[in-house]
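Data block below; observations after.
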Amino acid sequence: MNQVCKGQPLSWLQLEQYQLRELPPAHLAQVETHLQTCPACRACLSALTQPSPLPNLVLPMDVPRRRSPVFLPWRWAWAAVAIGLAAGLAILVLSVPRIERAARTFPGSKLDIKGGELALGLVRERGGSFVHDPSTFVPTDRFKAVVTCPPDGVRYADLVVFQNETIFFPLPRQQVLSCGNRVPLQGAFALSGSEPVEVCLVVSSEPVDFNSSLDSGSMALPKESVCVALQPRY
Amino acid sequence: MESVSEAEGVYRRYAPALLRKSRRLLCNQAEAEDVVQGLFLDLMTQKTTSLDLAYLYRAVTNRCLNRMRDEGNRQRLLQGQDPALRGPVRVKCDEQLINLDLLLKLMNRLDGRCSEVLVYRFYDDMQLEEIADLLSVSRKTIGKRIQRIRQEVRSLLQSAKGVGS
């Protein structure tokens, strides 16, 4: 819709500032006078007052964590990117050596299972650029998890992150997974801190109760798990 | 922003305006949400304290332009665009509407400063004085950049006519 303004139109910034009552006083009278005489600009101002849903604000991961996931209800274009890539690209295999820690051993990012292969991939967005299977993170990065698994029935997926002595679930828990090639998990997440992380995918045919493991202070990964290691980048 | 509640307060106050601006520019709801979320994530990480809408408007403009500079992003933006999100157009460049396709082509020919001025003039409908205040430069400088933009728009349209004939 193109509007014809009487004279010089008010800018969108001025209209937004007017609506927020933040216009510098020197400009307020001029803006109000213009609005009285210009239907086009009045229509634009009216459009600013229309209610529209506001996505929740994503918090950095060094905000105090909870057992329940920090769900990021972003509708990302990444879903379209990941699906498009899955249709057109070969699987990117990330060979991650086993990382030995005093209390826990992490598997690699690929696992042969009945019916095919289980694999976890990450897509990182940094400053508008996307990288597949990254090896580093900074706090402003955002990650999407993509899963490859054989399409043989319903599976439940959990993404678990291990960092030093901390365990957390950055995505909605026990997502019902329609297996295929690089299927994106719902939601996106960020990472922070100065310790390396292991991002692990746990897949099961029944919902998994991690609570008892978390309460005991340790968590053994189930058999059908794959992990990707990321190093903090300074 | 020192605390989460402060960050959420600033977000609730300014994010709607920033989303509207990003949508106009990117013609894509999801991309616009990405840009605004990324901005606030950075602001919280950097603990930026001095914020007003003009500052955030400029920050969002540069984030959107950076996103559009990536070739992969461009293809995705063009394929996923909703032209209706451009919104009402009150300022044109010599009677030519600057849409997403033309904007991306112009960005190939203009430097960052001219691209930024292009957005403020033809997407945000700012007058030259307002742009000069926002960027802390003279009105004359803005006038020169607008002139450069107009030249490139004419050149692109002439090239398109030449190809079509």
Side-chain angles (χ1 to χ4, degrees), chain A residues 1-5 8-17 19-20 22-24 27 38 40-41 43-44 47-64 72-81 84-85 125-130 138-142 188 190 192, chain B residues 4 7-8 10-21 24 28-31 33-38 40-42 44-46 52-54 57-58 63-70 72-73 76-77 79-80 84 86-92 97 120-121 123-127 130-131 134:
Chain A
M1 176 180 64
N2 294 335
Q3 301 270 355
V4 177
C5 183
Q8 305 283 1
L10 298 174
S11 71
W12 284 106
L13 177 58
Q14 284 178 314
L15 290 170
E16 300 278 10
Q17 287 173 323
Q19 193 225 0
L20 290 169
E22 290 189 2
L23 253 187
H27 298 148
C38 179
C41 289
C44 290
L48 303 186
T49 60
Q50 300 299 316
S52 122
L54 185 64
N56 290 339
L57 177 62
V58 174
L59 299 175
M61 293 307 289
D62 58 358
V63 168
L72 307 177
W74 271 336
R75 285 211 302 280
W76 286 57
W78 286 11
V81 171
L85 288 168
E125 187 265 339
R126 178 182 290 174
S129 297
F130 292 89
V138 296
T140 52
D141 290 340
R142 287 160 298 162
S192 67
Chain B
V4 169
E8 286 175 336
V10 173
Y11 177 77
R12 277 194 298 273
R13 181 167 180 79
Y14 292 126
L18 301 175
L19 278 169
R20 284 188 282 267
K21 179 190 165 64
R24 271 201 307 279
N28 186 298
Q29 173 70 28
E31 298 277 349
E33 288 177 5
D34 282 359
V35 164
V36 174
Q37 290 277 7
F40 276 89
L41 197 61
D42 280 352
M44 284 189 283
T45 306
Q46 295 160 16
D52 61 17
L53 185 58
Y57 235 58
R58 199 173 168 195
R63 279 181 177 260
C64 288
L65 289 174
N66 286 340
R67 181 166 283 229
M68 288 189 277
R69 285 192 180 99
D70 180 89
N73 289 343
R76 191 181 69 247
L77 285 168
Q79 287 164 11
R86 177 69 170 85
V89 176
R90 295 171 297 162
V91 178
K92 295 181 183 178
L97 165 70
Y120 297 135
R121 179 70 186 124
Y123 274 83
D124 297 329
D125 303 340
M126 290 186 191
Q127 298 303 311
E130 192 177 357
I131 301 173
L134 186 67

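The figures that follow rest on heavy atoms only: side chains count, while hydrogens, waters and symmetry mates do not. Predicted model, so just to flag it, every value in this text is computed and none were measured. Chain letters run A, B, ... following the sequence lines, proteins first, then strands; residues in each count from 1.
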In Å, rounded to the nearest 0.5 Å, how long is the span from CD of Q127(B) to CG of L10(A)?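 Here the rounded value is 9.0 Å.
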Could you grab the distance from atom CZ of R20(B) to atom CD of E16(A), nearest 0.5 Å is fine?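 It is 4.0 Å, given to the nearest 0.5 Å.
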Is Q14(A) in contact with chain B via its backbone, its side chain, both, or neither, using a 4.5 Å heavy-atom distance?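 For Q14(A), backbone and side chain are both near chain B.
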Any idea which heavy atoms bring Y123(B) and W12(A) closest together, and the distance?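 Shortest heavy-atom contact: O-CD1, 3.3 Å.
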Using salt bridge (charged side-chain N to carboxylate O under 4.0 Å, His left out) as the criterion, list what pairs up with R13(B), not counting sequence neighbours.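 In terms of salt bridge (charged side-chain N to carboxylate O under 4.0 Å, His left out), with neighbours along the sequence ignored, R13(B) is linked to E22(A).
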List for me each residue that meets salt bridge (charged side-chain N to carboxylate O under 4.0 Å, His left out) alongside R86(B), sequence neighbours excluded, and say none if there are none.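 Applying salt bridge (charged side-chain N to carboxylate O under 4.0 Å, His left out) to R86(B) gives none.
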Testing D125(B), L53(B), I131(B), D124(B) one by one against L13(A) for a side-chain contact (heavy atoms from CB on, under 4.5 Å), which residue passes?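 Result: among D125(B), L53(B), I131(B), D124(B), L53(B) is the only option passing the side-chain contact (heavy atoms from CB on, under 4.5 Å) with L13(A).
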Distance-only, no hydrogens or angles: does the R90(B) side chain make a donor-acceptor pair with backbone N or O of C41(A) under 3.5 Å?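 Flag not set: sc R90(B) to bb C41(A) has no pair under 3.5 Å.
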